[in-house]
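The structure under discussion appears below in the form of structure tokens.
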Amino acid sequence: MDQSLLEPLPKFLETLGYRENPLGIFYSDQMPQEGFSPEPLPGMLPTREKEAKGEVDWEEVYSNFSCAIAHIWLARRKKTAAFFDAERFGCPGGAFYLGFLGPQSETVVHYVSTGVPGRLEGERYFDSPQACRDFFEYIDPIPAPARFC
């Protein structure tokens with residue numbers, strides 16, 4: 001890329017009040033050569049179908065929890081990429097918003113709302129599981145168009 005095209009960027013960002021460069025996102029079938037990514041968890045993506053069949057080990061999913069936003073933050077600080085796929089999803093929320101998982105599972109619906117009594121404390125982002133379901137149905141991210149984000 002012609003570096004002279006980037007010369008006005010710092011002044012533009014300063015005018016907008018931003019201290020960091022903008023964040024870009026794209027999908028590719030090529031795995032990045034470098035960057036930060038959650039550890040791969042083959043076959044662990046907690047789909048609604050697997051959940052209905054009792055095939056999701058939630059304890060395993062949450063014991064390997066790795067926040068997607070934390071990987072993005074670290075990549076920004078290190079000026080490299082953060083990347084994800086259906087095996088390197090980090091957390092069910094990240095997998096959902098990045099297009100690797102949909103529709104969202106009932107366990108996550110309860111986790112981000114009121115919790116699962118005796119099993120999982122809720123984050124209380126929503127007043128009820130139904131409000132959370134409605135939100136997930138409304139936003140419904142587009143499925144990932146390639147293997148990696």
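Source: prediction; values computed, not measured.
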Working to the nearest 0.5 angstrom, can you tell me the gap between [X] [atom1] and [Y] [atom2]?
X	Y	atom1	atom2	answer
Gln33	Thr80	CD	OG1	11.0 Å
Asp140	Gln104	CG	CD	11.0 Å
Ile25	Ile72	CD1	CD1	7.0 Å
Thr114	Glu123	OG1	CD	12.0 Å
Asp57	Ser63	CG	OG	7.5 Å
Phe84	Ser37	CZ	OG	6.5 Å

Could you pull out the closest heavy-atom pair between [X] and [Y], with the gap in Å?
X	Y	value
Ala81	Glu34	CB-O, 4.1 Å
Pro46	Trp58	CB-CH2, 3.4 Å
Pro92	Val61	CG-CG1, 4.1 Å
Phe100	Ala86	CD2-N, 3.9 Å

Quick check: is [Y] connected to [X] through a chain of hydrophobic side chains (ILVMFWY, heavy atoms under 4.5 Å apart)?
X	Y	answer
Phe136	Val56	yes
Ile69	Phe65	no
Ile139	Val108	yes
Phe26	Phe83	no
Tyr27	Leu101	no

Test item: [X] and [Y] side chains (from C-beta on) under 4.5 Å apart, heavy atoms:
X	Y	result
Glu49	Glu55	no
Leu98	Phe89	no
Glu39	Ser66	no
Arg76	Leu23	yes
Glu87	Arg147	yes
Arg88	Met31	yes
Tyr125	Cys132	no

Checklist entry - Should the heavy atoms of other residues, nucleotides or ligands under 6.0 Å from CD1 of Ile142 be counted, would the total exceed 12? => result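 Not more than 12 within 6.0 Å, no.
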Checklist entry - When the ring planes of Tyr111 and Tyr62 are compared, do they come out parallel, tilted or perpendicular, using 30° and 60° as the limits? => result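 The arrangement is tilted - the two ring planes meet at 30° to 60°.
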Donor-acceptor pair, side chain of [X] and main chain of [Y], under 3.5 angstrom:
X	Y	value
Tyr18	Phe12	no
Glu51	Thr107	yes
Thr15	Lys11	yes
Arg48	Ser105	no
Ser28	Phe148	no

Checklist entry - Taking the six-membered ring where the residue is Trp, are the ring centres of Phe126 and Phe135 under 6.0 Å apart? => result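 Ring centres of Phe135 and Phe126 closer than 6.0 Å.
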